[in-house]
Amino acid sequence: MSSDSEFVQRADTAVYETEEPVLYGVADGIATLTMNRPTVNNAQNSQMTYALDDAFRRAVNDDAVKVIVLRGNGKHFSAGHDIGTPGRDINKQFDRASLWWDHTNKPGGEYLYAREQEVYLGMCRRWRELPKPTIAMVQGACIAGGLMLAWVCDLIVASDDAFFQDPVVRMGIPGVEYFAHPYELNPRIAKEFLFTGDRMSAERAYQMGMVNRLFARDALEAGTYALAAAIAKQPRMGLALTKQAINHVEDLQGKRTAMDAVFAWHHFAHSHNELLSGDKLGGYDAKAMIEANKTAAGERR
Ligand code: ZN
């Protein structure tokens, strides 16, 4: 019997709180993409991910756009992938951006492997490689899947209340799907960041070179758009070629191939979790992660 005969179509139970998970606007050569799920701290469901992909494509196709700013509505940039809001739509089918097949009716490890190739690793690579400069404007929380969105941008600008965190080692998983940690931080700091799952302050991230510029919260927007305006004065091809050049050097340094290897380990971890506990995330939903975070922080006090 082929395992293919064990297909089950999982129920899509998502209830969206908005039909506009991403807002889009253009002014003075700068496109602004705003994640717009503030009531759930901009947790990324597929609805938002595909809306982001559409918005990036729109910005690339508009010749009037020179620079793209990615930001989050509300108190936080992004709390990460949606692992527990009513709008969690992991079982919903979308028109895919890659040629991976639909995951929603697939068995075993194939289910998440196909999904994460498409919506996490694949999307992040598409966005990293789009030929216009991108700036992430980060306030408040930038956690796990939030890191992936900041990291695919060319520049990161943060307010002094911002913090960065990847706590997924608690789930038995070696970091988020877009494994850029040892490239964004030096390897020893990346290990500390992952081993402890602690928050890294914006100040520390700035010292490490992960953040380009740091502003007081009320100066963040002005600072970000001043930087974007300066870049927008440069010629389009000059910017595109420079971006390609630096991304190419990063890939020659192993970033792309390293990420492919870690993606496989990441999926071994999802499958291992499922074998042990029946849950790909090791039994952690959003609420359990928040509780575990609080406990861990309390123990270190
Ligand atoms: Zn995953």
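Numbering starts at 1 and runs along the sequence shown. One-based numbering, in listed order, for ligands and for the atoms of each.
- For the pair R10 and Y111, the distance from NZ or CZ to the six-membered ring centre is under 6.0 Å and the angle to the ring normal is within 45 degrees.
- Side chains of T34 and N36: no donor on one and acceptor on the other come within 3.5 Å.
- With no hydrogens or angles considered, a side-chain donor-acceptor pair links T85 and R37 at under 3.5 Å.
- Looking only at atom types and distance, the side chain of N42 has no donor-acceptor partner in the side chain of H76 under 3.5 Å away.
- Protein N/O/S atoms closer than 2.8 Å to the Zn ion (ligand 1): E116 OE1, E116 OE2, E177 OE2, H266 NE2, H270 NE2.
- Between R217 and D161 there is a salt bridge, since a side-chain N of the basic residue sits under 4.0 Å from a carboxylate O of the acidic one.
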Give the table of side-chain donor-acceptor pairs shorter than 3.5 Å for residues 61-69, with sequence neighbours excluded, one pair per line with atom names and distance.
| residue | atom | partner | partner atom | Å |
| --- | --- | --- | --- | --- |
| N61 | ND2 | R57 | O | 3.4 |
| D62 | OD1 | A64 | N | 2.8 |
| K66 | NZ | A232 | O | 2.7 |
| K66 | NZ | Q234 | O | 2.5 |

